[in-house]
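All figures in this text were calculated on a predicted structure; none of them were measured in a lab.
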Amino acid sequence: MPEKIDYDAKIPNNVNLSEDRRLQRALEGWQPKFMHWWGEMGPTLETQGVYLRTAVSVGREGWAHFDHVNVPDYRWGIFLAERDPDRRIAFGEHRGEPVWQQVPGEYRADLQRLIVIQGDTEPASVEQQKLLGLTAPSLYDLRNLFQVNVEEGRHLWAMVYLLHAYFGREGRDEAEGLLLRNSGSPDAPRILGAFNEETADWLAFYMFTYFTDRDGKYQLGTLKESSFDPLSRTCEFMLKEEAHHMMVGTTGVDRVVTRSAELIREHDTYDIGPLGGIPLDIIQKYINFHYTVSLDLFGSETSTNAANYYTAGLKGRWQETRRKDDHKLTEDARTLERPNADGTWTTEELQAILLLNLDLRSEYVADCQTGVKRWNKILSDAGVDFTFRLPHPGFNREVGINSGHHVTPDGTIVDEATWEAGKRKWLPTTEDLTFVRSLMRPVYERGKIASWVAPPRQGINGKPIDYEYVYLT
């Protein structure tokens with residue numbers, strides 16, 4: 001399989017698409033439908049060119065090319081990481097066997113379902129971020145938004161290729177469905193709840209790209225371990241692009257916290273809303289919301305489906321090959337903390353293979369904590385006495401064992417009345433959201449930035465902060 005991407009093809013690819021005329025025609029038939037979806041549901045703000053990164057190869061070095069691109073002309077395509085001819089299955093009952101280049105019949109439905117769920121998240125985030133360009137705090141941020149959007153669009157292409165290439169008519173029908181569902185639609189919503197929430201302001205966008213795209217990192221990481229090699233190679237390449245999305249979120253929240261800390265010090269008050277800054281307690285509420293909504297994406301803590309996927313070799317653990325166990329988990333155990341109706345917590349021991357969602361979520365929680373440490377260090381370095389915290393994983397949950405309970409951010413189980421009384425302190429209120437959105441005024445002048453966020457430390461690809469990242473109409 002060639003490493004270089006063929007950009008002369010109508011659909012850029014490195015999968016020798018021209019050698020499979022039937023598949024090529026099918027994907028070329030899907031392409032206008034994708035472009036119609038992009039025109040209807042993609043970014044609202046029209047531009048003349050955006051300084052975008054485009055993949056030119058899939059190797060470790062030199063795979064990205066930067067240039068101004070008219071966004072509708074971006075060359076979406078199908079890119080798989082290079083094939084390892086000696087790759088073996090790393091876990092489950094088929095461990096040690098050669099990986100699969102075709103879909104085993106007995107696992108066809110499960111693999112298709114996993115691909116559809118992952119594919120459904122990709123266009124959803126584009127839909128959620130449709131209006132954000134109208135309130136961008138700088139050209140730098142606007143460019144980052146469009147970079148995230150086009151890469152999510154290409155990730156949709158990645159899943160659609162797999163559906164078309166390996167799942168016949170059912171796969172083609174599912175590929176059509178990925179364009180028919182829309183984020184927040186009352187009639188045809190996206191499959192997962194977090195992808196039907198609004199992303200109506202830039203603080204929410206930074207939080208989404210920090211917390212929800214980080215969930216994407218871990219989900220892709222488990223699919224990268226799959227015994228179905230084309231899915232593994234697809235996800236491996238997608239992870240390269242996902243890293244940029246998380247950088248946008250991490251540094252975005254950094255900059256909001258930095259600016260809020262500056263205003264607190266400058267005016268000797270934490271009440272910085274009237275000064276055009278975002279108060280720290282509102283930032284904490286956004287953390288609480290986006291973190292817990294993202295936790296729901298990991299599914300129920302106990303899952304026979306996840307266990308069956310693992311045993312079959314369809315979906316592994318995060319960094320499976322680095323784990324120091326038998327990679328079958330039939331004899332291993334793990335503890336689970338379960339809430340009780342009387343307000344207490346019980347710890348029980350279960351088979352580790354039934355707690356694979358919890359295992360993945362634990363890796364995610366530890367990763368999220370690194371961001372919180374960053375943001376607290378910004379406050380500490382500025383002499384600001386405030387500490388951000390991740391809430392208890394039982395807080396504000398609609399999926400899993402905690403969904404039927406009212407758990408406070410510190411992990412206390414309370415009754416409904418106490419929960420309702422405390423919600424305004426823990427989650428963004430209508431007034432909080434209205435205030436943050438009132439700050440969202442576009443700044444399109446080169447080198448300028450909105451007053452509620454600090455400038456970035458560095459530009460993109462060595463360019464200065466005042467570079468003309470976006471040509472506006």
Side-chain angles (χ1 to χ4, degrees), residues 1-9 11-24 26-27 54-65 76-108 110-112 114-115 118-119 154-155 157-168 171 217-243 309-329:
M1 189 64 62
E3 174 187 338
K4 191 168 179 60
I5 293 165
D6 178 9
Y7 269 103
D8 293 327
I11 300 173
N13 71 94
N14 71 333
V15 296
N16 293 331
L17 192 58
S18 62
E19 294 184 4
D20 188 337
R21 296 294 298 164
R22 183 176 179 181
L23 176 59
Q24 185 179 29
L27 288 170
T54 302
V56 293
S57 68
V58 298
R60 291 182 177 274
E61 303 295 334
W63 63 276
H65 171 73
W76 287 282
I78 301 157
F79 315 143
L80 276 65
E82 296 174 87
R83 179 180 171 185
D84 176 2
D86 299 321
R87 183 172 176 249
R88 298 268 168 172
I89 296 171
F91 60 96
E93 64 183 3
H94 301 290
R95 185 177 183 228
E97 298 174 14
V99 292
W100 313 319
Q101 302 305 323
Q102 296 294 329
V103 178
E106 64 268 35
Y107 303 136
R108 184 183 184 85
D110 285 339
L111 271 172
Q112 180 175 294
L114 288 171
I115 290 168
Q118 181 62 45
R154 201 205 61 72
H155 294 176
W157 269 98
M159 296 295 110
V160 164
Y161 161 73
L162 294 175
L163 290 170
H164 274 267
Y166 296 98
F167 294 91
K217 163 188 169 180
Y218 283 90
Q219 300 297 343
L220 290 172
T222 63
L223 295 174
K224 184 176 80 72
E225 304 292 341
S226 178
S227 306
F228 180 42
D229 203 39
L231 175 59
S232 171
R233 292 166 54 214
T234 297
C235 292
E236 184 175 349
F237 184 77
M238 290 168 68
L239 281 164
K240 297 176 186 289
E241 296 177 328
E242 202 73 30
Y309 293 156
Y310 186 84
T311 299
L314 308 185
K315 185 177 181 182
R317 291 173 292 176
W318 176 253
Q319 297 185 335
E320 179 70 45
T321 56
R322 299 185 185 182
R323 303 291 185 115
K324 304 298 183 184
D325 53 36
D326 68 358
H327 302 276
K328 294 189 177 181
L329 306 181

Heavy-atom pair with the smallest gap, counting every atom of [X] and [Y]:
X	Y	answer
A26	H164	CB-ND1, 3.7 Å
Q112	G171	OE1-N, 4.0 Å
V58	A81	CG2-CA, 4.2 Å
I89	S227	CG2-OG, 3.2 Å
T321	A90	CG2-CB, 3.9 Å
S57	I5	N-CD1, 3.8 Å

Tell me if a side-chain donor or acceptor on [X] pairs with a main-chain N or O of [Y] at a distance below 3.5 Å.
X	Y	result
R108	V103	no
T311	G92	no
D325	R323	no
N13	D6	no

**Message:** Does T54 form a side-chain contact (heavy atoms from CB on, under 4.5 Å) with Y7? I'd like the steps, not just the answer.
**Reply:** CA-CA 11 Å; T54 302; Y7 269 103; 3.0 Å; yes
Point-to-point distance, once rounded to the nearest 0.5 Å, from [atom1] of [X] to [atom2] of [Y]:
X	Y	atom1	atom2	value
L27	L17	CG	CG	6.0 Å
Y166	L231	OH	CG	10.5 Å
D84	D229	CG	CG	8.0 Å
M238	R233	CE	CZ	14.5 Å
L223	F228	CG	CZ	11.5 Å
R95	R88	CZ	CZ	12.5 Å

**pair L329-F91: side-chain heavy atoms closer than 4.5 Å** = no
**Message:** Within the structure provided, determine whether Q118 and I115 are in side-chain contact (heavy-atom separation under 4.5 Å).
**Reply:** no
**Request:** Describe, in one word, how the ring planes of Y107 and W100 are oriented to each other, choosing from parallel (under 30°), tilted (30 to 60°) and perpendicular (over 60°).
**Result:** parallel
**Identified side chain to side chain donor-acceptor pair (under 3.5 Å) counterpart of K315 within the set E320, E225, Q219** = Q219
**Prompt:** ring-ring contact (aromatic ring centres under 6.0 Å, His included) with F79: which of W157, Y161, F237?
**Reply:** F237
**Item:** R317 side chain to Y310 side chain, donor-acceptor N/O pair below 3.5 angstrom
**Value:** yes
